[in-house]
Amino acid sequence: MNKEIRDVRICFVIPTYNEALNINPLLSRLTELYGDLDVAFLIVDDESPDGTAHLVREFMEKVDGRVRLIQGKRRGLGDAYVRGMTHAIDTLGADVIVQMDADFSHDPAAAGRLLDRIAGGADVAIGSRYVAGGSLDERWHAGRRLLSRWGNRLARWIGGLKGISDCTAGFKAIRAEKLREAKIESVQARGYVFQVDLLHRLINCGARVVEEPIHFRERERGETKLGMLNMLEFFFSVLLLRLRSHLTFVKFSLVGTCGVFVNLGSFSLLIELGLNKFLASPTAILASIISNFLMNNHWTFGDRAMTSRRSVRGFKFMIVSMTTLLLSYTVFVVLSMLFPKVLPVLLQAGGIAPGALLNYYLNSRWTFREASREE
Ligand code: GDD
Ligand code: MN
């Protein structure tokens, strides 16, 4: 395995519900494969009635002390992962998290390839069924295949995960630092959609995502826990993901509208105070730019996990502001020469329109950039 991976602390996070038939073979295999790394194996069990937790504790005491167990009330897969990942980072000090199922659908040996991709510079390595080289168990019937395919399409088209082939994959290696940035603790999703929600957040905070082909095997023992209700949740939650992005746009427009009032208001006031209209115009533009920045920074993009530092953002905003000022003022001057008799406030409004468009474009794409995937 790659040298860099030997220098970081790795934590496997594995949720279980009634996996008594799988847990021992899985832990044996994982400790055998990865036992010589700086590693922990965290099982998140939610009161499995079949005694999974008891088996884990036994393994931990008799075979390998690096196996850990946390327990809680059963509130779904997403909830189990949130608790598990948070514990792995905050308490176990993990640098890299590997999430996987306990039922051997995810080949323990393939985790090494995911870790190698992280060592190669990725923030997130997805064990992907749908990239070239990846595959799905023959035993998956047509109905489940269709559901998975369409679930992925919805996640891409509506959820906004463009360019990702396997959006619902439950087998991933993720840098802890990115999970923290993505505010993992605030994920609400419970079923399959947890995977989509998490990926959405990671991409929004600029994570470099790669896909590594894997074979997904149907479980041999025990039964699946994700049912109809999770599929319903999936469709609604993917829609909500989209609305989350739209909300940002609505906020930006509202801020822009406020900016127009600040601009025209201060312009009229300055004219009223007797200032020359050619001086009142840039002053008013500047006032609106400053109020726009403050509102966008604290409100519109306030909850966006951004990669840039605030000082860098401020600097970029200043450059965008100057560009906007230049454009708005140029338009104002040109219009003033073309239509010298028109009411000054209308000329000023004519300058705002193209300036506002440029301002939106540059700020959303650059200053407050929702950093995107780079591969
Ligand atoms: N702690 C806990 N609590 N664990 C749970 C819960 C829960 O409420 N529900 C499921 N699990 C555990 C299972 O014991 C198993 O280890 C893992 O989560 C996955 O559950 P399965 O029931 O085997 O899910 P699946 O095979 O239908 O779905 C898998 O493939 C999907 C994509 O097709 C998972 O990897 C999904 O995350 C993935 O989206
Ligand atoms: Mn499974």
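In each ligand, atom 1 is the first atom listed, and ligand 1 is the first ligand listed.
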Any chance the side chains of N296 and N292 put a donor and an acceptor closer than 3.5 Å?
-> no

Heavy atom of the protein closest to atom 8 (O) of ligand 1 (residue, atom name, distance) | R74 NE, 3.1 Å

State whether a side-chain donor-acceptor pair under 3.5 Å links T324 with N359.
-> yes

Is ligand 1 less than 4.0 angstrom away from at least one heavy atom of E218?
-> no

Please say whether A169 places an N or O atom under 3.5 Å from an N or O atom belonging to ligand 1.
-> no

What part of Y81 sits under 4.0 Å from ligand 1 if we count only heavy atoms: the side chain, the backbone, both or neither?
-> neither

According to the interplanar angle, ranging from 0 to 90°, do the rings of W150 and W157 count as parallel (below 30°), tilted (30 to 60°) or perpendicular (above 60°)?
-> perpendicular

Do any nitrogen or oxygen atoms of R129 lie less than 3.5 angstrom from nitrogen or oxygen atoms of ligand 1?
-> yes

If you take all heavy atoms of L335 and G351, which pair is closest and at what distance?
-> CD1-N, 4.4 Å

Distance-only N or O hit between ligand 1 and E223, under 3.5 Å | no

Can you tell me if S148 has a non-hydrogen atom under 4.0 Å from ligand 1?
-> no

Among R208, R175, R180, find the residue that satisfies the salt bridge (charged side-chain N to carboxylate O under 4.0 Å, His left out) test when tested with D123.
-> R175

Check whether any side-chain heavy atom of P49 sits under 4.5 Å from a side-chain heavy atom of Y17, and report yes or no.
-> yes

Over all atoms of both residues, closest heavy-atom pair of T300 and K251 | CG2-CB, 3.7 Å

Is there a nitrogen or oxygen of A102 sitting under 3.5 Å from a nitrogen or oxygen of ligand 1?
-> yes

Quick one: look at K225 and ligand 1, take heavy-atom pairs under 4.0 Å, and tell me if it's side chain, backbone, both or neither.
-> both

Report yes if some N/O of S105 lies less than 3.5 Å from some N/O of ligand 1; otherwise report no.
-> no

Establish, from distance only, whether the side-chain atoms of S148 and Y130 form a donor-acceptor pair under 3.5 Å.
-> yes

Show which atoms of ligand 1 fall inside a sub-4.0 Å distance from at least one heavy-atom site of D103.
-> 23 (O)

Which is it for R144 and ligand 1 at heavy atoms under 4.0 Å: side chain, backbone, both or neither?
-> side chain

Taking C-beta and beyond as the side chain, do R219 and D101 meet within less than 4.5 Å on heavy atoms?
-> no

Could you check atom 17 (C) of ligand 1 against the protein and tell me its nearest heavy-atom contact, residue, atom and distance included?
-> D101 OD1, 3.6 Å

contact_flag F234 ligand 1 heavy-atom lt 4.0 Å = no

Check whether any side-chain N or O of R217 sits under 3.5 Å from a backbone N or O of D137 as a donor-acceptor pair, and report yes or no.
-> no

shortest atom 3 (N) of ligand 1-to-protein heavy-atom contact is with D46 OD2, 2.9 Å

Are the charged groups of R9 and D38 less than 4.0 angstrom apart, N to O?
-> yes

For F216, the ligand 1 atoms with a heavy-atom partner under 4.0 Å come out as 30 (O)

Side-chain heavy-atom pair V13, V44 within 4.5 angstrom cut-off = yes

Is a side-chain donor-acceptor pair under 3.5 Å present for R201 with S186?
-> yes

Output yes when the distance from some N or O of ligand 1 to some N or O of T224 is under 3.5 Å, and no in every other case.
-> yes

Taking non-hydrogen atoms only, is P15 closer than 4.0 angstrom to ligand 1 via side chain, backbone, both or neither?
-> both

Just which atoms of ligand 1 are under 4.0 Å from any heavy atom in R219?
-> 21 (P), 22 (O), 23 (O)

Shell of protein N/O/S atoms around the Mn ion (ligand 2), taken as anything under 2.8 Å | D103 OD2

Which residue holds the protein heavy atom closest to atom 37 (O) of ligand 1, what is that atom called, and what is the gap in Å?
-> Q195 NE2, 2.8 Å

More than 12 heavy atoms of other residues, nucleotides or ligands under 6.0 Å from CZ of R309: is that the case?
-> no

Salt bridge present between R83 and D46 (N-O < 4.0 angstrom) = yes

Min heavy-atom dist R75 to ligand 1 below 4.0 Å | no

Heavy atoms only: which of T168, D45, L77 is nearest to atom 38 (C) of ligand 1?
-> T168

Any chance CD of Q188 has more than 12 other-residue heavy atoms, nucleotides or ligands included, within less than 6.0 Å?
-> no

What is the nearest protein non-hydrogen atom to atom 14 (O) of ligand 1, stated with its residue, atom name and distance?
-> E19 OE2, 2.6 Å

Atom 24 (O) of ligand 1: nearest protein contact (heavy atom, Å) | L226 CD1, 3.4 Å

Is R113 salt-bridged to E212, cutoff N-O under 4.0 Å?
-> yes

Which heavy atom of the protein is the closest neighbour of atom 5 (C) of ligand 1, given with residue, atom name and distance?
-> Y17 CB, 3.9 Å

Flag for S281-Q348: side-chain donor and acceptor within less than 3.5 Å | yes

